[in-house]
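The structure appears right after this line, and notes come after that.
Numbering starts at 1 and runs along the sequence shown.
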Amino acid sequence: MIKITLPDGSVKEFEVNSTAMDVAKSISEGLARNVISASFNGKTVETTTPLTTDGSLVLYTFNDDEGKNAFWHSSAHVLAQAILDFYPNSKLTIGPAIESGFYYDVDFGEDSISEKDFEKIEKKFLERAREKAEFKLRSISKADALSYYKEQGNQYKVELIEGLEDGEITFCDHSDFTDLCRGGHIPNTGIIKAIKIMSVAGAYWRGDEKNNQLTRVYGISFPKQKQLKEYLELLEEAKKRDHRKLGKELELFTFSQRVGQGLPLWLPKGAALRNRLEDFLKKAQKKAGYEMVMTPHIGQKELYVTSGHYAKYGEDSFQPITTPKQDEEFLLKPMNCPHHCEVYNHKPYSYKDLPKRFAEFGTVYRYEQSGELHGLTRVRGFTQDDAHIFCTPDQLDEEFKNVIDLVLYVFGSLGFEKFTAQVSIRDMANPDKYIGSVDNWEKAEQAIINAAKDKGLDYVIEEGEAAFYGPKLDFMVKDALGRKWQLGTIQVDYNLPERFDLNYKGADNQLHRPVMIHRAPFGSMERFIAVLLEHTGGNFPLWLTPEQVIILPISEKYQNYSEKVLDLLENSEIRALIDDRNEKTGRKIRDAEVSKIPFMVIVGENEQKDGTVSVRKHGEGDLGVFTIEEFTSLINKEVSKTLVPFGK
């Protein structure tokens with residue numbers, strides 16, 4: 001007998017060679033119907049893999065990320081099978097699961113595939129799926145594997161196999177189809193009930209433009225047709241909320257080829273929105289004891305060599321700036337932290353002076369490849385709401401928790417209610433990726449885990465996601481469409497203080513190293529605004545929106561009264577404007593709705609006579625007639641629902 005430990009800690013005994021599916025059936029038939037993948041002692045296994053030793057077993061359904069990964073990986077096999085049914089001379093390469101669905105890279109030779117072919121391939125895919133063929137993994141010798149694909153003339157698979165060792169090569173069979181594969185499949189093809197080919201694109205073999213160009217076929221599949229329908233509806237909604245589309249419609253930002261790719265230009269409304277976000281955080285930071293600093297957009301190359309950023313980002317940065325002085329080189333700054341280390345270094349500190357909290361909205365530059373640029377979410381110049389806290393080791397825990405409070409305040413004020421925290425630690429198998437001692441890394445990682453526990457955060461630990469100089473706590477926010485975004489980060493760093501020889505005088509009158517906390521609740525201002533745009537669909541919180549009220553006079557006779565209303569609103573610090581175009585009121589209302597202005601104030605003869613305004617709310621319609629004081633009070637109450645002073 002073998003002992004199987006389940007995630008709840010319970011231990012069950014089973015016969016040797018029992019499978020994950022046997023374990024699922026022992027728990028309930030309902031679970032067995034839904035289990036599609038498993039892991040045993042941390043390694044992905046098939047649900048039919050014989051278990052021969054004691055160990056820990058986790059069962060996955062389609063609701064789990066691991067389950068989706070197995071489902072979509074298996075679907076890639078079926079897609080490849082369906083493609084071969086129509087294009088038998090094509091050569092398959094790789095077909096992994098991705099975040100949403102899967103793809104398969106195919107060399108179609110003299111054939112080609114386009115959108116008009118999608119429907120026939122989808123039908124064939126479902127025909128194949130209905131065969132309910134089991135996925136069976138088998139080991140094969142390197143010689144036999146090479147022979148199999150050489151006979152097919154598939155140089156891509158041959159190249160992959162040549163890079164593998166004998167004893168680690170497996171094939172996956174289902175129906176009449178065989179593929180080189182490491183494993184991680186669902187029990188059978190019949191579980192796949194819905195398929196949609198999303199697009200095709202060009203892709204170089206192994207990402208190298210010197211190699212052959214392949215056709216990448218993207219698809220997504222589900223265990224229920226209803227799930228596919230919901231997914232496609234979600235995609236349509238995402239198109240409506242695309243920040244690039246909304247940014248143009250709301251006149252927030254633009255791009256210019258003359259200025260350069262990936263360098264956004266902020267229009268007046270967008271600049272005002274950014275300024276309000278900055279002012280909002282500056283007020284909270286001031287209460288939290290931060291001091292604002294300003295640093296240059298460039299620095300000597302040696303600064304970034306010292307910090308380690310040149311080794312990390314040198315290839316992705318803009319080329320060095322040379323000066324008339326021989327051997328003098330500057331770089332556009334890739335990060336603010338080296339500059340802040342030098343701010344700290346400008347004078348000696350005692351332990352009584354710490355913590356020092358330096359904050360800056362600092363613009364940094366990275367030379368992203370043109371194919372990777374995407375609106376505001378991937379740019380070449382972006383502003384970080386950066387701050388660096390220099391503290392004693394004894395102060396680290398409290399300071400880290402205070403930063404968590406600040407991040408949560410930012411999220412709450414902007415409507416991000418669903419999030420998880422990710423403790424990003426080293427890749428233990430690749431220590432050369434990181435700077436600093438193992439001891440410092442262990443202390444930093446444990447400090448973050450302790451703080452996350454003490455604050456009651458819903459957190460997960462992700463190995464290999466740390467920054468090169470230290471571990472971090474990343475906040476993974478779920479937007480209104482259920483998509484995950486990394487917003488906000490806090491990092492513990494013992495390494496840069498060593499590299500920059502930072503110190504303070506302790507109570508023992510000796511010099512000690514401070515600990516450095518890096519933090520950015522917004523992260524990149526550009527990316528944060530992009531995510532906020534898509535999360536809200538452009539309907540920003542009332543305190544943030546560029547224009548809170550638009551005044552609509554029904555004719556030019558009421559222009560003077562409209563200006564009086566405008567003055568009264570502006571005196572109450574309410575952002576308003578007048579639409580005095582020679583258009584019908586209905587047209588003005590429609591345009592205000594499209595512009596997502598929260599409140600419309602209509603003024604005519606009765607309003608002028610009574611000193612009132614007729615109010616409409618975006619997306620809701622008429623609210624009735626208000627005095628100016630009543631309307632001002634309504635605005636202030638709406639603002640106070642989401643915006644409260646930090647610390648309350």
Do [X] and [Y] have ring centres separated by under 6.0 Å?
| X | Y | result |
| --- | --- | --- |
| Phe62 | Phe71 | yes |
| Phe522 | Phe528 | yes |
| Phe102 | Tyr218 | no |
| His309 | Phe468 | yes |
| Phe411 | Phe475 | yes |

Taking [Y]'s backbone N and O only, do any of them form a donor-acceptor pair with [X]'s side chain (distance below 3.5 Å, no angle check)?
| X | Y | answer |
| --- | --- | --- |
| Glu526 | Pro264 | no |
| Asp567 | Lys564 | no |
| Lys588 | Asp579 | yes |
| Arg575 | Trp543 | yes |

* Asked: What orientation do Phe318 and Tyr365 show, parallel under 30°, tilted 30 to 60°, or perpendicular over 60°?
  ->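 The rings of Phe318 and Tyr365 stand perpendicular, inter-plane angle above 60°.
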
* To do: Could you go through the ring pair (Phe, Tyr, Trp, His ring centres under 6.0 Å) check for Tyr409 and Phe280 one step at a time?
  => CA-CA 11 Å; Tyr409 169 70; Phe280 154 75; 5.4 Å; yes

* To do: State whether the number of non-hydrogen atoms from other residues, nucleotides or ligands found under 6.0 Å of Glu398 atom CD is greater than 12.
  =>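 Counting other residues, nucleotides and ligands, CD of Glu398 stays at 12 neighbours or fewer.
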
